Amino acid sequence: MNKINLSLQVNGTLHDLCVSPFTTLSRILRDHLQLTGTKLGCEAGDCGACTISLDGQQVCSCLVPAAQCQGADVLTVEGYKFEPILAALQQAFLHQGAAQCGICTPGMMMSAVSLLTENPSPDRKAVEDALGGVLCRCTGYVKIIEAVLLAADNLRHGQPELEIADSVGCRALRVEGKDKLQGVADFGADQAPVDALWLRAVRSPHASAEFKTGNFSELYKNHPGLVQVLTAADVPGANYFGIYPNLKDQPVLADGIIRFRGEAVLALVGDRETLETISDDELPIQWFPQTPVIGIDQAKAKDAPLVHAGRENNYLTRGYVKKGDIASAEQQATVIAEGNWQTAYVEHAYIEPEAGFAERSGTQDISITACTQAPYMDRDEIAHILGINAEHVRIIPSNCGGGFGGKLDVSIQTLLAVAAWTLNQPVRAVYSRTESMASSTKRHPTQISARAMAAADGQLLGFELYGKYNTGAYASWGPTVAGRVPVHATGPYEVPNVLCETPAYYTNQSPAGAFRGFGTPQAAIAQEMLYDQLADALNMDRWQFRHKNAIREGGLTATGQQLNSSVGMSACLEALQTPWLEMLTDAEAFNQDNNVIRRGVGIACMWYGCGNTSLSNPSTMRVTLSASGKLVFYNGVAEIGQGSNTIMLQICADAAGLPLAQFKTITGDTELTADAGKTSASRQTFVSGKAAFLAGQNLREQLLQLLDLGDSAQLELQGSELIGRLDGNEIRIDLIKLAEQDSIVVEGNGRFDPPTTPLNDDGQGEPYATYAFAAQICTLDVDTKLGTVDVKRFVAAHDVGKAINPTLVEGQIHGGIVQGLGMALMEEYIPGRTENFHDYLIPTIGDIPEIDIILVEDPEPLGPYGAKGVGEPALVPTPAAIFSAIRHATGVVVRETPALPYRLLSALQEVAER
């Protein structure tokens, strides 16, 4: 291909290059100039992560060919030293906590540079308009808007000198924040050995098929840059993986049988240009399509093909909880509400596609650097696939551009490991956006039937739910979802009689796995809608009904567990009482003057067990002090944007009694850190946070022993000198005299495994050591002619036990609410149709409502400083609250998610015809 000589200025430096005229600007920046701060999330101009400034205008660099860049002046996120507006934005983003995972942050800031250059005094609407082309899946956009407005204010009036406290309970700045904001934080696609080969997976276009591969000699002949075609036969160990030791049912590469569209069949390894030129038509694959099993009803049919041999009726597993006598509750009830609901597949839509590289080290060892939520689980899975011992596998997590449960399962890691191991060469890969969506796990689609029963005074008497979960082609986290849902299905209320069953079924659809809430948001829709109906039937206010039935200290859950502390459900509701009444008054006044646009107010509550269900899920942390006075905190938690790097260090530093700034942190690496467990189930703050507290506490105890001082002494480090002060006395010890320069003088260790008990055959037991609680209310407008919904405001009260870092907690709640809004109103994954950000819609900055947060702190005695989790609780009640408001506005009970305009219009017509 002909190339052109290209001259352009980037961040004030002139570059002369020889490239194809069709090479995109994003690849020039990343591949030729190694400016990887410009991120790629779709390479189609849909996500905006690659936004840069080109001759003073914001553009998606993935859409700009080199031929249009001759003589151009380019500014990227790395150019903050040359652009004061960008520098001010970086400081404001850091201060506001506007960067979470960080993958969209460069695009956001570069869009804001263009805005503030043209409009130094923007309002919120101007910010939304300017940043509307950049998608964020983590933050909910609220703090991004705040950061841009703060930067504008600082540029006009001068940036104040701020002292940021970093102890527990303070808004400490994100410890990895500067790297993300300056574009130097390496994500999965940003790094690899220079001699790494590239890998491209070949995936099935069929949902169900058998296939045969032919001879690849012609392919090698036509493409000299193709090094190896890997098939199932090349997997050196077991060609199956899965979450559970006894349920590894998914192949690394399919072995003649296809179970879902997007399943990997071959892996092509070679140079990048060669792999990109090989078309699927050239591949010697013969397909024999079969009739796929689509949906739960087909899976259960007597004559349905079996997705997996031996799985009668395609049944995977079930969850089950039974307490009391549901028939007795039905006889006693004054009112009974019942209904059926159906929910869709939901895509995680993290902006960073899966990416990473693998390389062997010597004859026995291999390391994999990739985006992940579960380093130690990855390590064990790779060892199983390669047929080697786990100690020979090293997982080095890259910065992770969003996960939400979708990066708990291994994906790209397995292919990279097999390729690098087989070829004894470094191998890298980056999934395309379409490939990421087609191959990754999703939120479980469900069919739910439920009933709720109450006495004349509003007291709940019984709750019954039968929820069928579509786990797709492979088990993934299906058993965990099926087991968690019945425990939570009643919601955070005391219900004496409960019967919940949740079977999961295999289909020839995308594997359904972990996604923020593990199936509980789907069940929450049913439970909360039924409670609305009960309240209305009893002529009770919906808030009052929930407050009356809210579980309190001493209450018994559906599993018979008595909750004796940190039960902040009623406090959350009480925090919302005033805005609830104000919203109702506003809606009533609005609706008196409007017939086409109807305003509604909704409410929903949730509870969520922090950690694994009735299983051990320990975390181990370590902190050391060397003779030179260096403090190193070894933190095995996978940071995916939730802020664990920061809060773990805040907890450990406070427990040790030493300043956070003096600690160096090593995170995630399985060779250097202990197993902190997976980043999921809202467990890290509670479980790993407690381990970090114990490690810091253990370090402090040993330092006090060295100084021979009591517990209340103050500690200080000045170089290699340890200083202790108590009651006016000061003791100094030179650590160098105790050991060699870099040797460890003191090591603090902490391990915590929250106490739980197994569930019996009726689902009775203590599945979690603690629960998070929340209540959310919202107001929205429904256009009854168009079927559209405009969410105006959310007020969310969350019991977090203790907010270790309020900024990070607020960011999690913002992000969860906006993800929940997407689930409720717009997101529906359809294989082959919505596999990109053009067809699969997630909320943009212009879709978000006003969000007010009230933090309730009902301390958990087992948690670090009383803290518990918030990551998943932020989303769980949101769709239910939105549907509650739609019903209040229109009388429509949303039965199928998402509530797309055509569905809502159809339901409105049904209500009008009654």
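Predicted, not measured: the structure shown is a model, and the values here were computed from it. Count residues from 1 along the sequence.
Among all heavy-atom pairs drawn from Ser688 and Ala676, the shortest one is OG-O, 3.2 Å. The minimum heavy-atom distance linking Gly402 with Cys138 is given by the pair CA-SG, 4.4 Å. Heavy-atom minimum distance, Cys60 versus Val64: O-CG2, 3.6 Å. The nearest pair of heavy atoms linking Cys62 to Ser26 is CA-OG, 3.4 Å. In plain terms, the two heavy atoms of Leu135 and Pro843 that are nearest each other are CD2-O, 4.3 Å. Contact between Phe187 and Asn399 at its shortest, heavy atoms only, is CD2-O, 3.3 Å.
When the salt bridge (charged side-chain N to carboxylate O under 4.0 Å, His left out) test is applied to Asp73, no partner is found at least two apart in sequence or on another chain. Partners of Asp179 under the salt bridge (charged side-chain N to carboxylate O under 4.0 Å, His left out) rule, at least two apart in sequence or in another chain, do not exist in this structure. With sequence neighbours excluded, no residue forms a salt bridge (charged side-chain N to carboxylate O under 4.0 Å, His left out) with Asp55. Under the side-chain hydrogen bond (donor to acceptor under 3.5 Å, both in side chains) criterion, Gln182 pairs with Tyr80, sequence neighbours left out. For the salt bridge (charged side-chain N to carboxylate O under 4.0 Å, His left out) test, no residue two or more places apart in sequence or in another chain qualifies with Asp186.
Between the Arg30 side chain and the Thr38 main chain, a donor and an acceptor come within less than 3.5 Å of each other. With hydrogens and angles ignored, the 3.5 Å screen pairs a side-chain donor or acceptor of Arg683 with a backbone N or O of Lys678. Not a single donor-acceptor pair under 3.5 Å links the side chain of Gln9 to the backbone N or O of Leu14. With hydrogens and angles disregarded, no donor-acceptor distance shorter than 3.5 Å links the side chain of Lys802 to the backbone of Gly169. No donor-acceptor pair closer than 3.5 Å links the side chain of Asp799 to the backbone N or O of Phe773. Judged by distance alone, with hydrogens and angles left aside, the side-chain atoms of Glu857 form a donor-acceptor pair with the main-chain N or O of Ala803 at under 3.5 Å. Between the Lys178 side chain and the Val175 main chain, no donor and acceptor come within less than 3.5 Å of each other. A donor-acceptor contact shorter than 3.5 Å links the side chain of Arg156 to the backbone of Pro120.
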(message) Set out, in order, the CA-CA distance, both residues' side-chain angles and the distance that settles side-chain contact (heavy atoms from CB on, under 4.5 Å) for Leu131 and Ile145, then state yes or no.
(response) CA-CA 9 Å; Leu131 276 60; Ile145 296 171; over 6 Å; no

(message) Between Thr646 and Glu176, is the side-chain contact (heavy atoms from CB on, under 4.5 Å) condition met? List the steps.
(response) CA-CA 8 Å; Thr646 306; Glu176 82 284 4; 4.1 Å; yes

(request) Apply the test side-chain contact (heavy atoms from CB on, under 4.5 Å) to residues Leu25 and Leu8: give CA-CA distance (whole Å), side-chain angles for both, the deciding distance (0.1 Å), then the verdict. (result) CA-CA 11 Å; Leu25 179 54; Leu8 75 168; 4.1 Å; yes

(request) Using the side-chain contact (heavy atoms from CB on, under 4.5 Å) rule, take Phe633 and Met621 through it: C-alpha gap first, then chi angles, then the decisive distance, then the call. (result) CA-CA 8 Å; Phe633 177 47; Met621 292 286 184; 3.9 Å; yes

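Proximity of Pro859 to Tyr865: side-chain heavy atoms (C-beta onward) are nowhere separated by under 4.5 Å. In this structure the side chain of Asn635 never reaches within 4.5 angstrom of the side chain of Thr673, judged on heavy atoms. Between Gln819 and Phe515, some side-chain heavy-atom pair lies under the 4.5 Å cut-off. Side chains of Cys136 and Ile144 form a contact here, defined as non-hydrogen atoms less than 4.5 Å apart. Side-chain contact between Leu33 and Leu17 is present, with heavy atoms from C-beta onward closer than 4.5 Å. A 4.5 Å side-chain heavy-atom check between Pro122 and Leu116 finds at least one atom pair inside the cut-off. Counting heavy atoms from C-beta on, the side chains of Leu75 and Asn11 come closer than 4.5 Å. Side-chain contact between Arg443 and Pro521: present, with at least one pair of heavy atoms (C-beta onward) separated by less than 4.5 Å.
When only modelled atom types and interatomic distance are considered, Gln776 and Thr878 share a side-chain donor-acceptor pair under 3.5 Å. Under the 3.5 Å distance criterion, with hydrogens and angles disregarded, a donor-acceptor pair is assigned to the side chains of Ser682 and Glu872.
The CG atom of Asn805 sits 8.5 Å away from atom CG of Leu173, with the distance rounded to the nearest 0.5 Å. Between atom CG of residue Leu63 and atom SG of residue Cys50 there is a gap of 6.5 Å, rounded to the nearest 0.5 Å. Remark: Leu855 CG to Cys572 SG distance equals 9.5 Å, nearest 0.5 Å. To the nearest 0.5 Å, atoms CD1 (Ile164) and OG1 (Thr807) are separated by 8.5 Å. Put simply, CD on Gln812 and CG on Leu875 are 11.0 Å apart, with the number rounded to the nearest 0.5 Å. Taking CD1 of Ile817 as the reference point, atom CD1 of Ile813 lies at 7.0 Å (rounded to 0.5 Å).
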In residues 85-95, what donor-acceptor pairs under 3.5 Å come from side-chain atoms, sequence neighbours left out?
residue: Gln90; atom: NE2; partner: Val77; partner atom: O; Å: 3.4
residue: Gln90; atom: NE2; partner: Leu181; partner atom: O; Å: 2.7

Expected list for residues 651-668: side-chain donor-acceptor pairs under 3.5 angstrom, two or more places apart:
residue: Asp654; atom: OD2; partner: Val168; partner atom: N; Å: 2.9
residue: Gln662; atom: NE2; partner: Leu717; partner atom: O; Å: 3.0

Name each donor-acceptor pair under 3.5 Å that joins a side chain in residues 347-356 to protein atoms two or more places apart or in another chain, with its distance.
residue: Glu347; atom: OE1; partner: Lys442; partner atom: NZ; Å: 2.8
residue: Glu347; atom: OE2; partner: Ala349; partner atom: N; Å: 3.0
residue: His348; atom: ND1; partner: Thr441; partner atom: O; Å: 3.1
residue: His348; atom: NE2; partner: Gly406; partner atom: N; Å: 3.2
residue: His348; atom: NE2; partner: Ala514; partner atom: O; Å: 2.7
residue: Tyr350; atom: OH; partner: Glu354; partner atom: OE2; Å: 2.5
residue: Glu352; atom: OE1; partner: Gly401; partner atom: N; Å: 2.6
residue: Glu352; atom: OE1; partner: Lys407; partner atom: NZ; Å: 2.9
residue: Glu352; atom: OE2; partner: Gly188; partner atom: N; Å: 3.1
residue: Glu354; atom: OE1; partner: Ser436; partner atom: OG; Å: 2.7

Name every donor-acceptor pair, under 3.5 Å, that has one atom in a side chain of residues 41-49 and the other anywhere in the protein, sequence neighbours excluded.
residue: Asp46; atom: OD2; partner: His838; partner atom: N; Å: 3.4

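Every pair tested for salt bridge (Lys or Arg N to Asp or Glu O under 4.0 Å) that includes a residue from residues 76-101 fails, sequence neighbours excluded, so the list is empty. Residue pairs meeting the salt bridge (Lys or Arg N to Asp or Glu O under 4.0 Å) criterion with at least one member in residues 803-823, sequence neighbours excluded, are Lys143-Glu810, Arg171-Glu810. Applying the salt bridge (Lys or Arg N to Asp or Glu O under 4.0 Å) rule to pairs touching residues 124-138 yields Arg124-Glu128, Lys125-Asp129, Arg137-Glu827, sequence neighbours excluded.
Of the listed residues (Gln684, Glu639, Gln373), just one forms a side chain to side chain donor-acceptor pair (under 3.5 Å) with Thr679, and that residue is Gln684.
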